[in-house]
Structure formats: C-alpha cells, structure tokens
J.: 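Handing you a structure now.
In what follows, residues are counted from 1 in the order of the sequence shown. All of these numbers come straight from a predicted model, not from anything done at the bench.
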Amino acid sequence: MAVSAWLWAQGLLAAMVWVHAVGPSCNLQSRSISGSLFKEGDVIIGGLFPVHVAATEPDHTFTQRVLEGHCQGRACTELRLIPCSLITLTINISPHVPLSLFLCFSLELRSYRWLLTMIFTVEEINRDPALLPNLTLGYLAADSCLAEGSTLSAALAMVTGQEEAVTGEQCTRAPSVPVIIGDARSAASIVLADTLGVFGIPLVSYFASCACLSDRTRFPTFLRTIPSDAFQAKAIARLLSLMGWSWVGVVSGDDAYGISGVQLLLKELEGSDVCIDYLEVIPKSHTLSKIRRIIERIQSSKARVVVTFAISPDMEVLLREVVKQNVTDRQWIATEAWSTSSHYSSWSGISLAGTLGFALRQVDIQGLGFYLTQLSPGGQQMQPLTQTVWEEMFGCKFVEESQTNPLSGPQCTGLEKMESQGELYFDVIYNVYKAVYAIANAIQDMLNCEPGKGPFENGACPDIKPIRPKQLLHYLKSVNFTTPVGELLHFDENGDVSASYDIVNWHVGPEGKVAFVKVGQFDAASTQERGFQLDTNKVVWGGGWGDQLMEISPSALQLPVSVCSESCPPGTRKAVQKGKPVCCYDCIPCATGEISNATDSTECNKCPERFWSSTDRTVCVPMQVEFLSFRDNMGIVLSVLSVAGATLSGTTLAAFFHHRDTPLVRANNSELSFLLLLSLKLCFLCALAFIGQPAPWSCMLRHTLFGISFVVCLACVLSKTVVVLVAFRATLPGSNVMRYFGPFQQRAGILLCTLGQVVVCVLWLVLAPPVPTESAGGELGARVVLLCAVGSVAGFSLVLGYIGLLASICFIMAFLARKLPDNFNEAKLIAFSMLIFCAVWIAFVPAYVSSPGKYTVAVEVFAILASSYGLLLCIFAPKCYIILLRPEKNIKKNMMAK
C-alpha cells in the first residue's frame with residue numbers, strides 16, 4: 001500500500017508540472033471526498049479516521065474513470081455489508097485518465113467514535129466565548145480505511161479544496177484545510193508526513209506512536225498527542241523485569257508500528273535478564289496457514305507470556321484463531337493499539353481473560369460520554385458516511401433502499417441506541433480531544449499576535465484569512481496550554497508529548513463482557529521507583545480461568561511463571577547452556593568454600609578468611625579452629641604416654657642412682673647412664689611442647705628442645721657403644737687405646753656432638769624461626785588447623801639429618817660389637833634400640849607428609865615417643881630387671897663371667 005501511496009504523490013506532482021506547462025489555471029481533479037463529514041467554518045480542520053479497517057487494492061492501470069458506487073459481488077455477500085464508503089482521488093493528466101477506486105469495509109466503531117470526538121470538540125470550542133470568540137471552526141473528517149493509499153488520497157483531496165477551477169494567483173493560495181488531525185496508523189502517517197511535509201502542512205496525530213516519527217529532520221511538520229513507542233517499550237521491559245518473566249514471545253505486525261516497536265523493545269531488553277524465545281510477524285495478507293503457524297509456535301514455546309506490537313486489525317485476525325483453537329494458557333501483553341478494544345468481548349470468551357495492557361491515559365470529558373452514546377443520525381442522516389456507519393452498526397437500512405429491496409434488512413429508525421455497541425474507553429478519544437484543542441490554542445495565539453512583535457520577518461504577524469500552514473505549524477510547536485480537564489499540554493522539540501500510560505487488566509464478567517480494570521500506571525516523567533506502579537492484588541492473570549466465565553481457579557490469582565530454566569536456588573550458580581540465550585541455564589552447586597545466598601546467582605562468592613561454606617553452600621560459617629589439644633582424645637593419650645615415659649625414665653634414673661655402687665651399674669658406665677636417662681626424660685617431656693595451641697615461643701621451643709635432647713641422647717648411646725667396643729679391643733697385648741676414651745674424653749665427645757646441634761638450632765632460630773601458622777580449605781574443609789611452620793626447611797632438615805647421622809653411626813658401631821661376651825654385650829641392646837629408632841624415623845617421613853591437619857603434629861609426637869621408648873626399654877629394661885628382680889646376679893663374679 002505504501003507503493004500505491006507514492007504513486008498518488010507522483011501523479012499529483014506530475015499534474016502540477018502539467019498545469020504550469022499548459023497555462024495559468026488549476027483544475028480540480030477530485031470532485032468530492034466520499035466517506036466524510038463536513039461543516040463550514042472560518043478555519044477548516046481536517047481529520048483522518050479509520051472508520052473502516054479494510055480497503056480493496058486500487059486499480060493502477062488508469063484506463064477509465066471510476067465513479068462512486070457501492071460495493072458489489074462476493075465481497076458484499078461474504079461480509080454482509082450494506083453500502084460501503086468510497087474515497088476517490090483523480091489525477092487527470094488528460095481528460096481520459098481515470099480515478100482509482102478504494103472500496104472500504106469492516107466497520108471499526110472505536111475509530112468512528114474518535115471521529116465523533118473531533119466533531120464534539122470543535123462544537124465545544126465554538127461554544128466557548130473565551131477561546132476563538134470571533135472565529136468559527138469547521139471540520140472535514142474523512143474515513144481513511146486504514147490503508148496508506150486511501151489515507152493519502154483523502155488528505156490530498158482535503159488540501160486541494162473543492163472549487164472546480166482557480167486561476168492566476170489563486171493557484172498558489174493557502175489550502176482550504178491548513179492542518180490535518182491524523183492519521184491513526186504510523187505507516188500511513190509516515191506517508192502523509194513525507195508528502196504533505198514538502199508543502200509545510202502540519203499533521204497532528206492522535207494514535208501514530210512509532211518512534212521513527214520523532215525524527216525532526218525527516219518529519220518537521222509532524223506532531224502528536226500520543227506518546228512515542230519508545231516510552232511504551234520502556235514500560236513493557238520494566239513490567240517483564242518486575243514480574244520475573246525472563247522467557248517471552250513477541251508477536252508484531254508487518255508495518256512501521258510493529259517493526260519499530262519490536263526494535264525498541266529489544267533495545268530496552270539488552271543487558272537485562274529477559275530473553276526472547278521467538279519473534280513472529282503477522283503478515284498483512286492474513287493468510288490462514290501463516291496465522292496457524294504462529295499459533296503453533298506460541299503453543300509449542302515454554303514462554304507463557306506473549307508480548308504484542310501490532311495494530312488492532314492484525315491482532316484481531318490472530319486472536320480469533322487463538323480463541324478458535326482454545327489457547328487459554330497464555331498471558332497476553334497488549335499495547336495501546338488494542339488494549340481497550342471493547343468489541344473483542346463479543347467473541348474472545350476466556351482466551352483473553354487476564355490480558356495486561358498499556359492504555360493511554362483515560363480522563364472524564366464532561367458531556368462527551370452522553371454525546372457518543374445518545375447520538376442519532378438526525379440532520380446528518382443524508383451524509384453518506386453517517387448513513388453507512390449506522391446501517392452497518394445496527395444491520396438495518398434507511399427508507400429508500402429498504403423499500404426497494406426487502407432482502408436488505410429491517411428499516412433504520414434513527415432511534416437505535418449506541419450505548420449497546422460496547423464499552424466506552426476515553427483513551428485515544430482524549431488524544432483526539434487534545435489535538436483539536438492544540439490547534440485551537442495555536443490559532444488563538446496567532447490571533448493574539450501584536451503587529452511588529454510577531455515571530456516572522458520584520459516582526460510580522462501570521463495571516464488569519466486564510467491561515468497559512470507553515471505559520472500555523474510555527475505556533476503549534478510552541479503551544480502551551482491547559483486542557484479543560486486540567487492537563488498541561490505542550491510539544492517537545494521532537495513534536496511529542498509527555499508519556500503516561502494506564503495499565504489495564506481484562507476482567508471477564510458473568511455475561512462474557514470485558515471490563516478494563518486499571519491496576520497500575522506508568523509515568524515516564526517520574527522517578528524509576530514511582531514511575532511504574534502495579535497493584536498485583538487487583539490483577540487476574542491470564543491462563544487461570546475455568547471452563548465457565550464465573551469460575552476463576554486459584555492459578556488465576558497467582559503470578560504466571562515464564563522462564564526458560566527454573567530459578568537456581570541459593571547455594572548454586574547459573575551456567576548458561578551452550579548455544580542458547582543467557583536465560584537458559586543449568587544450576588551448578590557452588591564449590592566448597594564458596595556460597596550464593598540469593599536466587600539465580602550468576603556466580604558463587606568465596607568465603608572470607610577463617611570462614612567456610614555451610615553444607616548447603618548458602619552461608620559462610622566460622623571455621624572450626626583445630627590443633628592438637630590437651631583436651632582431644634589423641635592429645636590426652638599422647639600426653640599420658642609422654643608423662644609415663646618421663647616418669648619411667650626418672651624412676652630408672654633413681655634406681656640406677658640408688659644402686660650406683662653395684663657391679664652392674666658400675667660396669668655400664670654409670671655417668672653415661674645417668675646422662676642418657678636424663679636426656680631420655682627430656683625427650684619424653686619435649687613431646688608435651690608439641691601439644692596445645694601453637695604460640696611463637698612454643699614453636700621455637702618444641703623443635704629446638706626435640707633436636708638438642710635427642711642429640712644428647714644419641715651422643716650418650718654412641719659414647720657407650722664406642723667405649724664398649726674399644727674396651728674389648730684394648731684387652732689385646734700392648735694395646736693402650738683406652739687412655740683416649742676416658743671419662744673426660746667421653747664428656748668432651750658428648751659436648752662436641754651436642755654443640756653441633758646447638759649451632760644449627762641457633763642459626764635456625766635467628767634466620768628463619770618456626771612460627772605459628774594456619775592451614776585451611778582444601779581437604780580440611782570447614783576447619784582451620786593451627787600449626788607451627790618450620791620457617792626454614794633447610795634448618796629443619798639439618799636438625800633431623802644430624803639426628804639421623806648419629807643414629808646411623810650408633811647402629812653401625814653396635815652392629816660391629818654384637819659378638820662380644822654375653823654378660824657384657826650391651827652392644828646388642830644398643831643395636832636393637834637403634835634399629836627401632838631408625839625404623840620409626842624412616843616411617844615418620846611419609847606419614848608426616850601425608851597426614852592432614854593436626855595429625856601431622858600427632859605423627860611427629862608419636863615418632864618422638866616411640867623412639868624414646870625404644871631406647872629406654874631396649875637399653876635399660878634388662879638392667880632394671882637384674883637390679884630390681886634378680887639382685888643375686890648383680891655381683892662382680894657374674895659380671896666377669898663369659
């Protein structure tokens with residue numbers, strides 16, 4: 001249809017060229033505007049309204065002139081139409097070029113009420129003594145048939161006037177209609193603005209909301225009293241986000257309104273949590289197969305919410321099929337294009353119950369409701385448009401045709417009641433009302449202009465008779481007034497008004513009648529918190545109705561869920577499914593040590609230091625502080641073993657000291673035995689330094705005490721072993737070796753061995769001492785283990801290595817002395833004790849490395865105690881047995897025997 005409209009424009013321009021080529025006369029090409037209502041006045045306001053929402057495609061062959069007529073044939077039979085409104089425009093290149101015919105059908109009562117509102121407003125202004133007191137407004141309102149071609153045809157016919165011919169300067173005079181209110185459709189408004197904008201003729205639309213019309217560069221003469229769709233897209237995006245509908249479907253019309261609206265909505269949803277499952281376009285051909293394919297896509301989707309951006313006729317085709325297929329489990333989101341179309345109630349049933357829609361602000365215009373419901377043809381009966389609408393509305397015929405054709409239906413009386421034709425909703429009606437008042441106030445401002453202070457060249461004021469469109473446009477852009485209902489109205493730099501919407505909910509009554517219940521509002525001028533308000537307690541949601549209209553199931557009072565994936569509970573995070581939108585995800589449990597305490601978390605947060613995640617990964621709980629404590633069972637056992645070992649060593653020392661003069665004690669080098677038992681007691685007691693909460697002093701004490709005490713112990717054992725071995729070697733004739741292994745030399749050797757370990761420990765404590773540390777996470781879980789870090793691995797290794805070296809030397813020396821006489825063969829006992837000692841500390845290394853947490857310390861304590869018990873029992877148990885239990889063997893004779 002847009003191509004058709006441009007053909008008309010090109011024809012008009014060609015006609016103008018022909019006029020200037022043949023002579024200074026202008027001939028009228030269109031004799032009348034069929035399907036219109038006209039009233040004379042000082043200023044004629046044009047109006048375009050889609051009273052009918054369908055038109056036949058015009059004939060572009062231009063082979064004959066077509067006269068006005070009624071629709072005939074199959075179209076009239078199938079649609080059961082009576083006379084159809086006809087709008088024609090001819091562009092005569094020659095006397096034989098024909099008119100195109102636009103045949104309009106399918107009455108839209110809602111649009112007809114818009115037309116009547118324009119008439120009501122003009123009459124109200126004419127009665128107002130304060131507004132335009134010395135000027136009378138007239139109107140020329142035409143049926144645009146909701147088609148670009150018929151809309152442009154009517155608009156061009158309005159601005160060209162109705163005189164047969166004009167000559168001379170009259171050819172360039174101002175048009176008889178200097179301003180047009182319309183059109184309702186964005187696509188048609190684009191065509192009008194592109195065409196009439198060249199001549200500076202202002203357009204004030206009441207229903208064309210496409211954001212593209214805000215482009216001042218392309219559409220400098222276009223203004224509107226309806227908000228731009230940019231605001232409606234913001235409102236819809238806000239609704240989807242607040243309701244948690246993250247997976248929705250979108251259906252749009254194949255026109256400027258639908259395409260632009262969807263683009264704006266997608267832009268608003270960028271970066272949000274809302275994703276589009278599908279985007280379906282309703283074709284203008286309304287092919288049944290394509291409509292059914294769209295329905296199948298809607299039903300197969302998991303998206304329960306369907307957002308629409310389409311004009312009412314397109315939506316009606318789709319929704320009739322929805323009702324036919326009994327699709328009742330969807331939540332429909334309607335735009336202002338059809339959110340208050342009351343004629344849906346006659347056939348929608350429960351399929352559309354619960355629909356949420358954005359409607360233009362509704363106000364109560366005094367007297368208008370009575371005017372629209374009590375209207376009768378009256379004196380307008382002879383005007384074709386009024387007669388046609390009345391006949392189609394009530395299915396009757398006026399006298400002339402009713403008498404000639406009995407099959408045409410009952411006779412119209414003119415007393416039929418319009419209030420029976422559906423509920424009135426003053427949304428778009430108020431936009432028409434504001435448009436007329438904006439024009440009237442602009443004209444009033446023109447009349448108030450003081451000569452010499454005007455806005456034009458040299459302070460000139462605008463022309464009034466006739467009004468020039470460009471001058472009127474200037475005043476329209478700057479108009480600023482308060483409407484009779486108290487609203488302040490002005491146009492911004494883009495020709496738009498402030499955006500405000502009512503949010504309506506479709507409630508279906510017992511008789512199937514749809515009631516539009518206001519449940520919220522959106523005001524773009526307010527803050528984000530106050531700008532969008534929705535009372536969910538008043539909302540009846542879609543998809544929750546029973547089989548009967550009065551039956552509302554509990555689900556109708558519950559917010560519908562429209563998501564691709566169910567919400568991830570706390571303790572999990574969302575992981576987007578590969579190849580799918582961000583709204584489709586899997587719920588992955590948080591790793592240990594991480595939590596998520598909100599629904600649908602995109603990531604898990606790591607717990608702070610000394611905290612750990614709970615079992616369900618929802619909160620961070622303080623870690624359980626753990627160390628080898630004296631209160632632990634293991635700590636108690638090790639403490640008892642340590643004290644028992646120290647006590648046993650002390651007891652043995654006391655026994656040896658008490659029997660120090662006996663042959664057995666004297667034969668075993670009593671001084672070395674006393675020192676060995678004292679060092680063993682320190683070895684047992686140093687184990688207690690490993691138990692308890694680590695502190696700086698305890699960490700340094702435990703390792704140094706352990707290292708030095710064990711070196712003293714091993715040095716004593718080594719000295720005893722060497723003395724025994726050398727003593728038997730010294731019995732050979734001429735041997736004088738024993739003088740080098742006397743008591744002084746033994747003490748010096750022990751001191752020297754101990755001094756080496758002391759030097760290592762001092763360097764370790766000075767350069768990198770052991771310090772308390774914490775170990776958490778990993779295999780430890782919700783525990784923080786307090787340990788003593790060795791500080792220097794090299795220092796710790798040298799301490800253990802030095803002990804291992806002395807133990808190895810002792811074992812070798814004892815092994816060499818294993819065949820000495822039995823009664824004096826202490827070397828066997830030392831060899832066996834060193835074997836146990838080395839086995840314990842060799843096993844210690846892997847056990848120490850693999851033990852977790854406090855068990856690391858327990859392994860080290862166990863190794864200390866095991867090796868200490870091994871030395872104590874293996875070396876001193878046999879001697880104590882003789883001293884305490886077999887004193888008869890503790891004689892010199894027995895010691896000297898082989």
Side-chain angles (χ1 to χ4, degrees), residues 5-20 25-49 87-92 99-100 102 115 118 122 137-145 148-166 169-183 188-205 208 219-223 435-436 439 442-443 462-476:
W6 278 107
L7 287 174
W8 286 112
Q10 295 298 326
L12 176 64
L13 295 176
M16 291 179 179
V17 172
W18 175 80
V19 167
H20 286 284
S25 64
C26 297
N27 297 320
L28 179 67
Q29 303 302 313
S30 179
R31 300 186 182 278
S32 65
I33 304 176
S34 181
S36 64
L37 297 177
F38 175 75
K39 181 179 180 180
E40 187 62 58
D42 297 324
V43 178
I44 305 298
I45 299 176
L48 295 171
F49 302 91
I87 297 177
T88 62
L89 171 67
T90 60
I91 300 175
N92 253 352
L99 275 137
S100 289
F102 290 98
L115 183 151
M118 175 183 170
V122 169
L137 294 180
Y139 56 80
L140 177 55
D143 184 0
S144 66
C145 292
E148 288 89 340
S150 57
T151 302
L152 182 60
S153 171
L156 292 176
M158 285 180 183
V159 300
T160 56
Q162 299 299 307
E163 298 180 25
E164 291 290 340
V166 293
E169 294 182 357
Q170 292 180 329
C171 287
T172 58
R173 71 179 184 179
S176 58
V177 177
V179 60
I180 295 178
I181 296 176
D183 183 54
S189 295
I190 291 174
V191 173
L192 289 180
D194 278 336
T195 305
L196 300 183
V198 177
F199 307 104
I201 299 174
L203 295 171
V204 184
S205 179
F219 308 112
T221 64
F222 182 83
L223 304 99
V436 179
I439 295 171
I443 297 174
D463 298 334
I464 300 300
K465 293 185 179 180
I467 289 180
R468 296 193 175 274
K470 289 185 178 180
Q471 294 177 344
L472 177 58
L473 176 63
H474 173 83
Y475 279 89
L476 269 173

J.: Distance check, rounded to the nearest 0.5 Å: L37 atom CG versus Y139 atom OH?
T.: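 These two atoms lie 6.5 Å from each other.
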
J.: Does some side-chain heavy atom of L223 sit less than 4.5 Å from a side-chain heavy atom of L473?
T.: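 L473 reaches L223 side chain to side chain.
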
J.: So, do P469 and F199 sit near enough that their side-chain heavy atoms are less than 4.5 Å apart?
T.: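 When only atoms from C-beta onward are counted, F199 and P469 do not touch, as no gap falls below 4.5 Å.
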
J.: Do side-chain atoms of T160 reach the backbone of A157 as a donor and acceptor pair under 3.5 angstrom?
T.: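 Here the side-chain-to-backbone pair exists.
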
J.: Distance check, rounded to the nearest 0.5 Å: T151 atom OG1 versus D143 atom CG?
T.: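 With rounding to 0.5 Å, OG1 (T151) is 8.5 Å from CG (D143).
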
J.: Quick check: closest heavy atoms across A154 and L48, and the distance to 0.1 Å?
T.: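 Smallest interatomic distance, heavy atoms only, reads CB-CD2, 3.7 Å.
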
J.: For A435, check side chain to side chain contact (heavy atoms under 4.5 Å, CB included) against everything at least two apart and list the hits.
T.: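 Per chain and number, A435 pairs via side chain to side chain contact (heavy atoms under 4.5 Å, CB included) with I181, V204, T225.
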
J.: Could you point out which residue of T221, I201, L156, L152 forms a side-chain contact (heavy atoms from CB on, under 4.5 Å) with L192?
T.: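 Of all the options given, the one that passes is L152.
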
J.: Any chance you could measure L196, atom CG, to M158, atom CE, to the nearest 0.5 Å?
T.: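 If we round to the nearest 0.5 Å, L196:CG and M158:CE are 10.5 Å apart.
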
J.: I'd like to know whether V436 forms a side-chain contact (heavy atoms from CB on, under 4.5 Å) with V122, so could you lay out the CA-CA distance, the side-chain angles of the two residues, the decisive distance to 0.1 Å, and finally the verdict.
T.: CA-CA 7 Å; V436 179; V122 169; 4.0 Å; yes

J.: Return yes if some donor-acceptor pair links the side-chain N/O of S153 with the main-chain N/O of G149 below 3.5 Å, else return no.
T.: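 Pair absent, no side-chain N/O of S153 close to backbone of G149.
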
J.: Apply the test side-chain contact (heavy atoms from CB on, under 4.5 Å) to residues L137 and I439: give CA-CA distance (whole Å), side-chain angles for both, the deciding distance (0.1 Å), then the verdict.
T.: CA-CA 10 Å; L137 294 180; I439 295 171; 5.9 Å; no

J.: For A442, what residues pass the side chain to side chain contact (heavy atoms under 4.5 Å, CB included) criterion, not counting sequence neighbours?
T.: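 With neighbours one apart ignored, the set is L472, Y475, L476.
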
J.: Looking at residues at least two apart in the chain, or sitting in another chain, which of them share a salt bridge (charged side-chain N to carboxylate O under 4.0 Å, His left out) with D463?
T.: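 Residues passing salt bridge (charged side-chain N to carboxylate O under 4.0 Å, His left out) with D463: R468.
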
J.: Might you confirm whether atom NZ of K39 has over 12 heavy atoms from other residues, nucleotides or ligands at distances under 6.0 Å?
T.: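 Counting neighbours around NZ of K39, more than 12 heavy atoms of other residues, nucleotides or ligands fall under 6.0 Å, so yes.
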
J.: To the nearest 0.5 angstrom, please state how far the CE atom of M118 sits from the CZ atom of F49.
T.: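 M118 CE to F49 CZ: 5.5 Å, rounded to 0.5 Å.
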
J.: Roughly how far, to the nearest 0.5 Å, is the CD atom of Q471 from the CD1 atom of I443?
T.: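 The CD1 atom of I443 sits 12.0 Å away from the CD atom of Q471.
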
J.: Check whether any side-chain heavy atom of V177 sits under 4.5 Å from a side-chain heavy atom of I180, and report yes or no.
T.: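 Yes. Closest side-chain heavy atoms under 4.5 Å.
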
J.: Measure the spacing between OG of S205 and CZ of F219 and express it to the nearest 0.5 Å.
T.: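 It is 12.0 Å, given to the nearest 0.5 Å.
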
J.: Ignoring hydrogens and geometry beyond distance, is a side-chain donor-acceptor pair present between D183 and S144 at under 3.5 Å?
T.: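 Note: D183 and S144 side chains meet the donor-acceptor criterion.
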
